[in-house]
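What follows is a single structure, written as structure tokens, with notes after it.
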Amino acid sequence: MRIKREDIKILYDESTLRKRIKELGKEITEFYKDKTDVIYAVCVLKGSIHFFSELVLHIDLDVIYSFVHVTSYSGTNSTGRIKVKSWMEEEMENKYVLLVEDVVDTGLTLKYILRYLRRYRPKDIRIAALAEKKVHDHGINVDFAGYELDDKFLLGYGLDYNEIFRNLPYLGYIEPNSGG
Ligand code: IMP
Ligand code: MG
């Protein structure tokens, strides 16, 4: 399949995304503020880069940044095989950890990360996702979800099709049969 920019429809524009992410930041602040002054936010690269950077600006606590880079997609489909490209170095024992993911689809990526993260014995792990697709029974409890969506292929605002379109300033989608 080849996707052209003209095929991409806007789902949420930049200012709509910013507003929603700001609300999530407030929700997250409220959730933690009686529990801890500092959280460890883990950005799941590459797709979460813009969501993460906007979200942490609206969390009114000390936020320590961590990054993991994992891949599972090829084209518009999850391959089901997770590859770890790089992993966090921070000590997480007894810490409050917030995993920040772009989209939860099959849930395989987060399940994989969670399995390894638990070995560090954090005190608590929560999940924030810009979007949660409701097609698969992914079994992940998304604590802070920006949007709940049906089965659309999303692009932009960090999300790619074979590494292209991550820098679109909006969250877009393509109709299942467009592109050809
Ligand atoms: P999961 O492992 O199936 O939950 O998929 C999660 C990962 O696949 C996310 O981290 C995304 O980077 C990527 N992904 C899932 N859905 C989409 C999409 O609609 N567009 C682009 N990437 C996606
Ligand atoms: Mg991702």
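Both counts, for ligands and for their atoms, begin at 1 and track the order of listing. If you're wondering where the values come from, they're calculated on a predicted model, not measured in any experiment.
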Exercise for the section: Might you confirm whether atom NZ of Lys35 has over 12 heavy atoms from other residues, nucleotides or ligands at distances under 6.0 Å? Expected result: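 For Lys35, atom NZ is crowded (more than 12 foreign heavy atoms under 6.0 Å).
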
Handout entry: Heavy-atom gap Val44 to ligand 1 smaller than 4.0 Å
Key = no

Handout entry: Side chain, backbone, both or neither: the part of Glu101 lying under 4.0 Å from ligand 1 by heavy atom
Key = side chain

Hey, which atoms in ligand 1 end up nearer than 4.0 Å to a heavy atom of [X]?
| X | result |
| --- | --- |
| Thr109 | 1 (P), 2 (O), 5 (O), 6 (C), 7 (C) |
| Gly107 | 1 (P), 3 (O), 4 (O) |
| Lys152 | 19 (O) |
| Phe153 | 18 (C), 19 (O), 20 (N), 21 (C) |
| Asp160 | 21 (C) |

Problem - Candidate pair Glu101 and Leu99, rule side-chain contact (heavy atoms from CB on, under 4.5 Å), full reasoning - result: CA-CA 6 Å; Glu101 173 66 305; Leu99 262 179; over 6 Å; no

Exercise for the section: Flag the pair Glu23 and Arg20 as a salt bridge only when some basic side-chain nitrogen lies within less than 4.0 angstrom of an acidic carboxylate oxygen. Expected result: yes

Exercise for the section: Go through the steps for Phe165 and Asp160 under the test side-chain contact (heavy atoms from CB on, under 4.5 Å), then give the verdict. Expected result: CA-CA 5 Å; Phe165 306 122; Asp160 71 308; 5.9 Å; no

Exercise for the section: Would you check the N or O atoms of Val104, main chain and side chain alike, for any that come under 3.5 Å of an N or O of ligand 1? Expected result: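 So ligand 1 has no N or O lying under 3.5 Å from an N or O of Val104.
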
Handout entry: Ring centres under 6.0 angstrom apart (Tyr12, Tyr157)
Key = no

Problem - Side-chain donor/acceptor of Lys26 to backbone N/O of His58, under 3.5 Å - result: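 Answer holds: no.
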
